[in-house]
Amino acid sequence: MNIFNDFTGRVKAAVRAAKFDGLAADDLDRVIVEPPRDASHGDLASNAAMVLAKPLGLKPRDAAVRIAAELARDPDIDAAEIAGPGFINLRLRPGYWQAVLKGIVAAGEAYGHSRLGKGEKVNVEYVSANPTGPMHIGHCRGAVFGDALASLLAAAGHDVTREYYINDAGAQVITLARSAYLRYREALGEDIGEIPEGLYPGDYLKPVGQALADEFGGFLVDRPEGEWLPVVRDRTIAAMMAMIRDDLKMLNIEHEVFFSERSLQEGNAGKVAAAIEALRAKGLIYQGRLPPPKGQIPDDWEDREQTLFRATEFGDDVDRPLMKSDGSYTYFASDIAYHYDKFRRGYLNMIDVLGADHGGYVKRMKAAVTAISGGEAELDVKLCQLVRLFRAGEPVRMSKRSGDFVTLRELVEEVGPDPVRFMMVFRKNDAPLDFDFQKVTEQSKDNPVFYVQYAHARAASVFRQAVAEMPGVERNVEALIHAPLEKLSDSGEIGLIRRLAEYPRIIEAAAEAHEPHRIAFYLYEVASEFHAQWNRGKELPQLRFINHDDSDSTLARLALVHATKLVLSSGLAILGVSAPDEMR
RNA sequence: GGCCCCGUAGCUCAGCGGAUAGAGCAGUAGCCUUCUAAGCUAUUGGUCGCAGGUUCGAUUCCUGCCGGGGUCACCA
């Protein structure tokens with residue numbers, strides 16, 4: 001029920017009915033109907049005449065006259081006015097917005113959800129933190145962003161899979177195993193002294209060491225590394241992943257698929273080799289030398305022949321190596337195989353959520369996806385910028401010493417999941433974000449999380465109030481649908497309905513752009529208008545939602561409050577933020 | 001040096017092909033001191049980094065500069 005799409009269709013029909021000469025089918029593609037910039041322009045605005053003027057060889061206003069004449073025949077349209085450079089501004093019949101409100105109440109929780117995605121499969125890969133320690137603040141934004149994006153796409157009618165890529169194959173994971181092995185010996189009573197440079201010093205490995213001691217006793221102590229390492233590694237990775245999942249659960253984030261990098265290389269699968277062979281068959285693999293990077297040549301640069309992927313054929317800046325000098329695969333090679341696997345699982349739409357420090361990686365990954373799918377699959381990489389922590393305006397200093405940064409767990413335990421989730425997405429993903437521990441828990445207008453949640457709570461409160469004060473009034477959904485909505489005539493009330501009417505459009509636009517922050521900003525606007533209307537009742541008691549002398553008005557306004565509450569809770573659900581009925 | 005992202009009101013940021021560029025904070029001026037639950041209303045403030053280009057029309061798209069950040073074989 002996207003009225004803007006609805007009227008876009010009507011405008012296009014009007015254009016056809018006007019029987020212009022020389023109109024091509026795709027000329028109509030750019031025709032849209034939008035909310036007007038200014039309420040004085042009417043209810044809806046279309047760019048049709050301006051867009052069509054060129055192909056038709058007419059002046060915009062001349063084309064507009066003919067289109068407007070056709071539109072005027074629509075019974076929902078009271079007037080089609082031409083303004084500015086050729087806008088067609090539509091004024092809708094009285095009662096139209098009230099009918100929209102009725103539609104929202106009738107649609108209930110499904111309101112705003114769209115079939116735009118046509119059930120197509122989308123894979124959203126996010127978090128994918130290395131399994132070497134607890135989640136920290138750096139992971140948090142991508143985690144929340146990815147999760148909200150996944151929900152958003154689902155609301156827009158996609159078949160979404162939430163996926164986590166476990167980087168369990170490289171040198172880091174060996175370092176992790178050695179670190180855990182030390183803790184194991186420590187658990188057995190050995191004095192291990194300082195954790196050596198290069199190993200992970202964090203205390204979080206102590207329980208892992210203890211668990212290993214419990215399981216193996218002293219059995220692993222005098223064995224050669226080649227024997228204990230695979231065992232310790234697997235146990236430790238499992239423990240780290242369990243910890244990470246617990247951390248994520250605090251933010252209500254749960255992935256459906258955990259995909260192991262190592263599974264691509266090990267055993268008889270050989271998926272990395274297979275992916276490389278698939279590229280080789282397309283003539284995209286060769287042995288060659290790479291020029292050293294300009295500007296700054298690494299100290300240990302060695303000019304050697306290596307196995308390269310022709311990424312430059314797909315827009316990358318240089319061809320990319322797939323094998324390290326020790327003969328093992330590069331991370332990129334594994335990642336190609338991973339995305340090949342996604343493609344073979346039927347995902348033609350893939351989204352990777354990464355930190356901004358991976359910006360240099362996107363061209364090659366997009367190139368790889370294009371190459372490996374023969375151009376069938378599309379990858380979008382969303383980069384999340386840094387989060388800067390503050391406390392009451394003062395930057396929170398984070399020591400460089402490893403293991404001493406703010407963990408996700410500490411963050412959520414202090415402020416709760418809702419502020420974290422809301423604030424992480426209350427900014428465009430590629431803009432840096434300031435997060436203030438104190439501000440986000442304030443119960444004031446200055447705190448957007450509170451402001452939006454409070455609007456929902458206030459809506460719930462109005463209903464509680466109605467029960468208490470006017471026990472005679474039926475307030476169930478059926479009664480609200482049939483409420484005498486013509487009682488809603490105040491400009492603030494109609495304005496709020498118009499705002500609510502935008503919700504389906506916001507979802508579709510945000511989903512198409514892969515930008516969940518638009519939902520957060522929209523909810524802020526809804527909350528703002530709702531609060532404003534509530535406040536107007538202070539000055540003008542006749543505008544109060546609950547009016548003892550007028551059960552018709554009250555019921556109509558309860559329908560509006562109900563619809564507002566629906567939109568707020570729906571949008572908050574997409575963001576993964578709770579919609580409380582009271583704030584105490 | 002190459003590549004990517006960002007330069008919009010004093011501050012933090014929306015807007016990303018359309019009509020006089022928006023919001024919050026701060027500032028200013030009132031109101032409220034009580035009720036519908038953590039104030040309310042109004043208002044000041046902008047060559048949309050600079051210069052070209054595409055377009056009927058550019059903050060929005062393209063190119064080049066300037067400024068800030070990130071990144072730059074064999075780490076993940």
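Just so it is clear: chains get the letters A, B, ... in the order the sequence lines come, proteins before strands, and each one is counted from 1. All values reported here derive from a predicted model rather than from experimental measurement.
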Which part of the nucleic acid, if any, lies within reach of A:Arg464 when heavy atoms closer than 4.0 Å are counted: base, sugar-phosphate only, or nothing?
base
Take nucleotides 57-63 of chain B nucleotide by nucleotide from the 5' end and write B, S or -, depending on whether a protein heavy atom sits under 4.0 Å from the base, only from the sugar-phosphate, or from neither.
B------
Of the listed nucleotides (B:rG18, B:rA73, B:rG39), which one gets closest to any side-chain atom of A:Pro321?
B:rA73
Rounded interatomic separation in angstrom, taking CH2 from A:Trp301 and P from B:rC74
9 Å
Is the distance from OP1 or OP2 of B:rC56 to the nearest side-chain N or O of A:Lys54 less than 4.0 Å?
yes
Separation of B:rC72 P from A:Lys363 NZ (nearest whole Å)
15 Å
Which nucleotide in B:rA73, B:rG18, B:rA37 has an atom nearest any side-chain atom of A:Phe87:
B:rG18
Secondary structure string for RNA chain B (Watson-Crick or G-U under 3.5 angstrom, | for other-strand pairs)
(((((((..((((....[...)))).(((((.......))))).....(((((..]....))))))))))))....
Please write out each protein N/O paired with an N/O of nucleotides 5-16 of chain B under 3.5 Å, distance rounded to 0.1 Å.
residue	atom	partner	partner atom	Å
B:rU12	O2'	A:Arg427	NH1	2.9
B:rC13	OP1	A:Pro432	O	3.3
B:rC13	O2'	A:Arg427	NH2	3.2
B:rA14	OP1	A:Lys428	N	3.0
B:rG15	OP1	A:His517	NE2	3.0
B:rC16	N4	A:Lys428	NZ	2.8

Using a 4.0 Å heavy-atom cut-off, does A:Met323 contact any base of the nucleic acid, only the sugar-phosphate backbone, or nothing at all?
nothing
Close residues, residues 351-359 of chain A, relative to RNA chain B [heavy-atom separation under 4.0 Å]:
A:Ala356, A:Asp357, A:His358
Using a heavy-atom cut-off of 4.0 Å across all strands, would you classify A:Pro60 as base, sugar-phosphate, or nothing?
nothing
Rounded to whole angstrom units, what separation is found between the CZ atom of A:Phe332 and the C1' atom of B:rU71?
16 Å
List in chain and number order the residues that pass salt bridge (charged side-chain N to carboxylate O under 4.0 Å, His left out) with A:Arg421, two or more places apart in sequence or in another chain; answer none if no residue qualifies.
A:Asp147
Spacing of A:Gln306 atom CD relative to B:rA73 atom C1', expressed in whole Å
6 Å
Would A:Gln287 and A:Thr307 satisfy side-chain hydrogen bond (donor to acceptor under 3.5 Å, both in side chains), going step by step from the backbone distance to the final call?
CA-CA 5 Å; A:Gln287 298 297 120; A:Thr307 306; 2.9 Å; yes
Looking at A:Lys428 and A:Glu515, is any side-chain nitrogen of the basic one under 4.0 Å from a carboxylate oxygen of the acidic one?
no
From B:rC74, B:rC40, B:rG18, nucleotide with atom closest to A:Asn535 side chain:
B:rC40
I'd like to know if A:Arg388 pairs up with A:Asp434 as an ion pair, taking the criterion as any Lys NZ or Arg NE/NH1/NH2 lying under 4.0 Å from an Asp or Glu carboxylate oxygen.
yes
Heavy-atom nearest nucleotide on RNA chain B for A:Tyr451 versus A:Asp38: which residue maps closer to 5'?
A:Asp38
Between A:Glu508 and A:Asn5: side-chain donor-acceptor atoms closer than 3.5 Å
yes
NA contact type, A:Ala169, heavy-atom cut-off 4.0 Å: base, sugar-phosphate, or nothing?
nothing
Is the distance between the ring centroids of A:His517 and A:Phe145 less than 6.0 Å?
no
Taking atom P in both B:rG27 and B:rC48, compute the distance separating them and give it to the nearest angstrom.
27 Å
Near A:Glu305 CD, under 6.0 Å, is it more than 12 heavy atoms from other residues, nucleotides or ligands?
yes
How would you label the contact of A:Gln172 with the nucleic acid (heavy atoms, under 4.0 Å): base, sugar-phosphate, or nothing?
sugar-phosphate
Taking atom P in both B:rG52 and B:rG18, compute the distance separating them and give it to the nearest angstrom.
23 Å
Within a radius of less than 6.0 Å around NZ of A:Lys439, do more than 12 heavy atoms belonging to other residues, nucleotides or ligands occur?
no
Provide, to the nearest angstrom, the distance between the CZ atom belonging to A:Arg536 and the P atom belonging to B:rU41.
10 Å
For A:Glu261, report the nucleic acid contact type (base, sugar-phosphate, nothing); a contact means any heavy atom under 4.0 Å.
sugar-phosphate
Atom pair distance, as rounded to whole Å: CZ in A:Arg320 and P in B:rC3:
13 Å
So what does A:Gly170 touch, heavy atoms closer than 4.0 Å: a base, only the sugar-phosphate, or nothing?
sugar-phosphate
For A:Lys324 and A:Glu302, find the nucleotide of RNA chain B closest to each by heavy atoms; which residue's nucleotide sits nearer the 5' end?
A:Glu302
side-chain hydrogen bond (donor to acceptor under 3.5 Å, both in side chains) with A:Gln533: which of A:Glu529, A:Arg536, A:His531?
A:Arg536
With no hydrogens and no angle check, just 3.5 Å: does a side-chain donor-acceptor pair link A:Gln306 and A:Arg304?
yes
So CE of A:Met243 and OG1 of A:Thr236: to nearest 0.5 Å the spacing works out to 10.5 Å
Would you classify A:Ser461 as touching base, sugar-phosphate or nothing, given that sugar-phosphate means primed atoms plus P, OP1 and OP2, and contacts are heavy atoms under 4.0 Å?
base
Nearest-Å distance, CG (A:Asp317) to C1' (B:rG2)?
7 Å
Round to the nearest Å and state the distance from A:Tyr165 atom OH to B:rC75 atom C1'.
14 Å
Identify each donor-acceptor pair in which a side-chain atom of residues 27-34 of chain A lies under 3.5 Å from a protein atom, sequence neighbours left out, and give them as a table.
residue	atom	partner	partner atom	Å
A:Asp27	OD2	A:Ala24	N	2.9

Would you say A:His358's side chain and A:Leu354's backbone share a donor-acceptor pair under 3.5 angstrom?
no
Under-4.0 Å salt bridge between A:Asp436 and A:Arg391:
no
Please determine whether the number of non-hydrogen atoms from other residues, nucleotides or ligands lying under 6.0 Å from atom CD of A:Glu378 exceeds 12.
no
Residue pair A:Asp352 / A:Tyr361, side-chain donor-acceptor N/O under 3.5 Å
no
Which one, B:rC25, B:rG18, B:rA37, comes nearest to the side chain of A:Asp446?
B:rC25
